[in-house]
**Student:** 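One structure is given below, represented as structure tokens, and several questions about it will come after.
Chain naming here is simple, since letters A, B, ... match the order of the sequence lines and numbering starts at 1 in each. Computed from heavy atoms alone, side chains included, the values below leave out hydrogens, waters and symmetry copies. If you're wondering where the values come from, they're calculated on a predicted model, not measured in any experiment.
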Number of protein chains: 2
Amino acid sequence: MPTERRAADPARTLALLWRDSGAVSASPRGPRQTLTVDRIVDTAIGMADADGLDAVTMRRVAQALDVAPMTLYTYVPDKATLVELMFDRALGAMARTEPAGAHWRDRLTAVAHDNRALYEAHPWIAACSTSRPALGPGVCAKYEYELNALEGLGLADVDQDAALTFLLEFVAGIARAAADARAAARDSAMSDVEWWEINGPLLEKVFDPARYPLATRVGAAAGEAQQSAYNPDHAYRFGLARVLDGLAAMLPEK
Amino acid sequence: MPTERRAADPARTLALLWRDSGAVSASPRGPRQTLTVDRIVDTAIGMADADGLDAVTMRRVAQALDVAPMTLYTYVPDKATLVELMFDRALGAMARTEPAGAHWRDRLTAVAHDNRALYEAHPWIAACSTSRPALGPGVCAKYEYELNALEGLGLADVDQDAALTFLLEFVAGIARAAADARAAARDSAMSDVEWWEINGPLLEKVFDPARYPLATRVGAAAGEAQQSAYNPDHAYRFGLARVLDGLAAMLPEK
DNA sequence: CGTTCTCTCTGTACGCTGTACAGTGTACGA
DNA sequence: TCGTACACTGTACAGCGTACAGAGAGAACG
């Protein structure tokens, strides 16, 4: 379930996202602020990259900035808004390697790789909600850039959006699984292989292979081939080819 | 990021999953237990269905069962294990409508629909981690059933697993987005349309259409067509067709 | 150059979470 | 009947987001 609750005031959130400094702080009276929203966001992103989104707490971010916890609330209305700012900033800073003018397949492959790299660098993004996304400059720039890969293919606007969503959701799914796997390994202080060495023999006592013949056969083959129940790299290579083939079947031009 | 932490003792967890009653409570000495693990799990599932996984707290489950919070820990070692039990139970109880003997496309479509119905009934499942899944009877039965839809197509075992994973991950992605959207609507007490009525005019003040021409054009078209930034039903229909086409391109037989 | 006002920063506190631990009472086996 | 093992529970702790009120600093104004 989404950890992230919705921020309260849309106007303030948008002002923060677009760094609309005028709207953020009105009167010049009183002391100047010692921090910046950007510093707070960057600190939080660094923490999330290193230890996961759960490790980003207001207290910990404040401590890293040598400031009392409540001070952060002078800059940001909530934690939910802070996460939205982190999200938009990370998306705005991602690599964009789409080769202009190339074949659509290569352009979409580049978009997929860019997104995979994004999730690799910031695994916590996979856990951010994308419905009603933070409509900041990063999100908009990413959308613009990625739509370009599907331009000139004769798609209706609605299908262009749907095709992109389809591709991105695929990469996001892989990223989520990979992030889960990483988190599981860290929380349990156990690799997938070690986990199987413990659970495999225990499972044999309750699991009846005759009842689940396919699961036994295919599960064993897949588990052995990828040395775990799930291998993100393999799933990505396999899935991306299917995604592109599936889109190819829909495109007007051959 | 996965809310769910890993359970401590694998042996106990497996015994609970498979209802290996002997291994759960050893000695017949002392008072009998007044509850059952099943009752606890069912109560928790009901809560998660109604109010989301976040609303399932040990205190609330205990209260619903007229018992002190700590009593639950006599039945279940931690909350993570309880969630694993919920997960396995829901998967074990899901519908299985796959038409035996039909064309693979129809069989896979049925599998996808079954999963979509599962997520519709239990949106919280979309938030459960699937790496190192709870290897209980429900998970195994589901895997067995779904692998059957890909049997006899001339696929290598590894590809059979990968193809199934690809399909399921697609449905899971849709479900996650839908669950996010529902949670956003509930938390903000605002529909997507209302949200846009508030945020749209605000966005216009900071958003420069000239900088993001594609995003403006396609976003407007998509938003108007589906009355929101994201429509799960449309994405599902669109995506499922692409997934099946993509798999078709890989199958040995035509 | 005071004075005043406003905004920044922070200490305390509240309700919430999961759960460790110790104590109590019960019901079975001997 | 007794002893014991176990189910159940009250209290407590650390951690979370954050509401609220007070302290203090510094810029603008007279």
Side-chain angles (χ1 to χ4, degrees), chain A residues 1-9 12-13 21-37 39-40 44 47-48 51-86 187, chain B residues 1-9 12-13 21-37 39-40 44 47-48 51-86 187:
Chain A
M1 207 93 317
T3 293
E4 178 186 351
R5 294 263 171 260
R6 201 48 42 178
D9 180 3
R12 172 128 188 245
T13 302
S21 48
V24 174
S25 185
S27 149
R29 276 292 190 82
R32 292 281 154 271
Q33 292 191 310
T34 55
L35 298 176
T36 62
V37 173
R39 266 193 73 195
I40 295 174
M47 268 180 195
D51 306 318
L53 197 53
D54 285 351
V56 177
T57 70
M58 298 304 268
R59 285 176 231 262
R60 235 165 67 87
V61 173
Q63 192 172 27
L65 291 165
D66 253 322
V67 127
M70 289 309 293
T71 301
L72 300 183
Y73 289 90
T74 320
Y75 297 83
V76 152
D78 301 310
K79 193 188 176 185
T81 304
L82 174 57
V83 174
E84 290 195 346
L85 291 170
M86 292 165 63
D187 290 348
Chain B
M1 207 94 317
T3 295
E4 178 186 352
R5 293 265 171 256
R6 201 47 43 177
D9 180 3
R12 171 127 189 246
T13 303
S21 48
V24 173
S25 184
S27 149
R29 276 291 191 82
R32 292 280 154 272
Q33 291 192 311
T34 56
L35 298 176
T36 62
V37 173
R39 267 193 73 196
I40 296 173
M47 268 179 196
D51 306 318
L53 197 53
D54 285 351
V56 178
T57 71
M58 299 304 268
R59 283 176 233 263
R60 237 167 66 88
V61 173
Q63 191 170 28
L65 291 165
D66 252 323
V67 127
M70 289 308 293
T71 301
L72 300 183
Y73 289 91
T74 321
Y75 296 83
V76 152
D78 31 54
K79 192 187 177 186
T81 304
L82 174 59
V83 174
E84 290 195 346
L85 291 170
M86 294 165 62
D187 291 348

**Student:** Just how far is it from atom CZ of B:Arg59 to atom CG of B:Leu72, taken to the nearest 0.5 Å?
**Tutor:**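 Reported value, rounded in 0.5 Å steps: 11.0 Å.
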
**Student:** Can you list everything that forms a side chain to side chain contact (heavy atoms under 4.5 Å, CB included) with B:Thr36? Sequence neighbours excluded, please.
**Tutor:**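 Checked B:Thr36 against side chain to side chain contact (heavy atoms under 4.5 Å, CB included); matches are B:Asp38, B:Arg39.
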
**Student:** Report yes if at least one side-chain N or O of A:Thr34 is closer than 4.0 Å to OP1 or OP2 of C:dC9; otherwise report no.
**Tutor:**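 Checking C:dC9 against A:Thr34, a side-chain N or O does come within under 4.0 Å of OP1 or OP2.
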
**Student:** Any side-chain N or O of A:Thr74 below 4.0 angstrom from OP1/OP2 of C:dT8?
**Tutor:**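 For A:Thr74, the contact criterion (side-chain N or O under 4.0 Å from OP1 or OP2 of C:dT8) is not met.
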
**Student:** Could you check how far CD of B:Gln63 sits from P of C:dT17, rounded to whole Å?
**Tutor:**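 Value for this atom pair: 10 Å.
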
**Student:** I need the minimum non-hydrogen distance between A:Leu82 and A:Met58, along with the two atoms involved.
**Tutor:**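 Looking at all heavy atoms of both residues, the shortest contact is CD2-SD, 4.2 Å.
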
**Student:** Just how far, in rounded Å, is P of C:dC7 from CG of A:Leu35?
**Tutor:**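 Spelled out: CG on A:Leu35 to P on C:dC7 is 18 Å.
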
**Student:** Quick one: A:Tyr75 OH to C:dC7 C1', roughly how many Å, whole number?
**Tutor:**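 Answer to the nearest Å: 11 Å.
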
**Student:** Between protein and nucleic acid, restricted to nucleotides 27-30 of chain C and to nitrogen or oxygen atoms under 3.5 Å apart, what atom pairs and distances do you find?
**Tutor:**
unit_1 : atom_1 : unit_2  : atom_2 : d
C:dG29 : O4'    : B:Arg29 : NE     : 3.0

**Student:** Output the rounded distance in Å from CG (B:Leu72) to P (C:dT17).
**Tutor:**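 In whole Å, C:dT17 P lies 13 Å from B:Leu72 CG.
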
**Student:** Can a donor-acceptor pair be found, under 3.5 Å and without considering hydrogens, that links the side chain of B:Tyr75 to the backbone of B:Ile40?
**Tutor:**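 No; judged by distance alone, with no hydrogens or angles, the pair does not exist.
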
**Student:** Is there side-chain contact between A:Arg12 and A:Thr81, with at least one heavy-atom pair below 4.5 Å?
**Tutor:**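 Result no, sub-4.5 Å side-chain heavy-atom pair not found.
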
**Student:** Once side chain to side chain contact (heavy atoms under 4.5 Å, CB included) is applied, do any residues pair with A:Ala55, and if so which ones, sequence neighbours excluded?
**Tutor:**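 Side chain to side chain contact (heavy atoms under 4.5 Å, CB included) check on A:Ala55 returns A:Asp51, A:Arg60.
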
**Student:** Where do N or O atoms of nucleotides 15-23 of chain D meet protein N or O atoms at under 3.5 Å, pair by pair?
**Tutor:**
unit_1 : atom_1 : unit_2  : atom_2 : d
D:dC16 : OP1    : A:Thr57 : OG1    : 3.3
D:dG17 : OP1    : A:Lys79 : NZ     : 3.1
D:dG17 : OP2    : A:Met58 : N      : 3.1
D:dG17 : N7     : A:Arg59 : NH2    : 2.6
D:dG17 : O6     : A:Arg59 : NH2    : 3.0
D:dT18 : OP2    : A:Tyr73 : OH     : 3.0
D:dT18 : OP2    : A:Lys79 : N      : 3.0

**Student:** Sequence neighbours left out, what pairs pass salt bridge (Lys or Arg N to Asp or Glu O under 4.0 Å) with at least one residue falling in residues 63-73 of chain B?
**Tutor:**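 Counting only pairs at least two positions apart or across chains, no salt bridge (Lys or Arg N to Asp or Glu O under 4.0 Å) contact touches residues 63-73 of chain B.
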
**Student:** Let me know the distance between CD of B:Gln33 and C1' of D:dC6, rounded to the nearest Å.
**Tutor:**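 Roughly 9 Å, once rounded to whole Å.
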
**Student:** Using side chain to side chain contact (heavy atoms under 4.5 Å, CB included) as the criterion, list what pairs up with B:Ala68, not counting sequence neighbours.
**Tutor:**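 Expected list: B:Thr71.
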
